[in-house]
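Throughout, numbering of the chain's residues begins at 1 and tracks the sequence. Small disclaimer: the values here were computed from a predicted structure and weren't measured.
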Amino acid sequence: MSTHPCLRCGACCAHFRVAFHWSETDAHPDGLTPTAATEPLDPHRVVMRGTHAGRIHCQSLRGAVGVDAQCGIYPLRPSPCRDLHPAWEDGRPSPQCDRARAAYGLQPLSPQHWSASVRSNATD
């Protein structure tokens, strides 16, 4: 079983609005993200359901933030989700990741999180 920190976190999915061009949805021949998982934002953009306003919580997020959260449409997620990288996964900080985690009282990720994840996956 993977110990990737995102499989426990999900804070970004419950903190940020996820807006993107409608052509990323399956309403377009090249789109992937399920249209049913979105709602209109303006004539050209949609948002993931639950991330437009008010209490942000993407409806595609499964599990509890900080415990066992994961994306219910992960292979079909839109570009804003693909583009937001966890802090230190690739050796660089991520202020967005840090802000989302802080909003849920979670400690920021560090390079040591990734060392532990790699060690754990090697023994799985």
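- Residues Val18 and Leu32 share a single hydrophobic cluster, defined by chaining ILVMFWY side chains whose heavy atoms lie under 4.5 Å apart.
- The CG atom of Leu41 lies 9.0 Å from the OG1 atom of Thr51; values are rounded to the nearest 0.5 Å.
- No path of Ile, Leu, Val, Met, Phe, Trp and Tyr side chains, each step under 4.5 Å between heavy atoms, connects Leu106 with Trp88, placing them in separate hydrophobic clusters.
- Proximity of a side-chain donor or acceptor of Glu24 to a complementary backbone N or O of Ser79 within less than 3.5 Å is detected.
- Across every non-hydrogen atom of Ala87 and Cys97, the tightest pair is N-SG, 3.5 Å.
- Side-chain contact between Ile73 and Pro34: present, with at least one pair of heavy atoms (C-beta onward) separated by less than 4.5 Å.
- The minimum heavy-atom distance linking Ser94 with Leu84 is given by the pair OG-CD2, 4.4 Å.
- Within the 4.5 Å cutoff, the side chain of Trp114 has heavy atoms near those of the Pro5 side chain.
- Between the SG atom of Cys58 and the CZ atom of Phe16 there is a distance of 13.5 Å, given to the nearest 0.5 Å.
- Nearest heavy atom pair, residue Ala27 against residue Thr35, reads N-OG1, 3.4 Å.
- Checking side-chain atoms of Arg62 against main-chain N and O of Gln59 turns up a donor-acceptor pair under 3.5 Å.
- The CG atom of Asp83 sits 9.5 Å away from atom CD of Gln96, with the distance rounded to the nearest 0.5 Å.
- Note: Met48 CE to Arg17 CZ = 14.0 Å, rounded to the nearest 0.5 Å.
- In this structure, the side chain of Arg101 does not engage the main chain of Asp98 through any donor-acceptor pair within 3.5 Å.
- At a threshold of 4.5 Å between non-hydrogen side-chain atoms, the residues His44 and His21 count as touching.
- Taking the six-membered ring for Trp and thresholds of 30 and 60 degrees, His15 and Tyr104 have ring planes more than 60 degrees apart, a perpendicular arrangement.
- To the nearest 0.5 Å, the span separating NE2 on His113 from SG on Cys9 amounts to 9.5 Å.
- Taking each heavy atom of Gly10 and Ala69 in turn, the nearest pair found is CA-CB, 3.7 Å.
- Here the closest heavy-atom approach between residue Cys13 and residue Ile56 is recorded as O-CG2, 4.4 Å.
- For the pair Thr38/Phe20, a side-chain contact is recorded, criterion being any heavy-atom separation below 4.5 Å from C-beta on.
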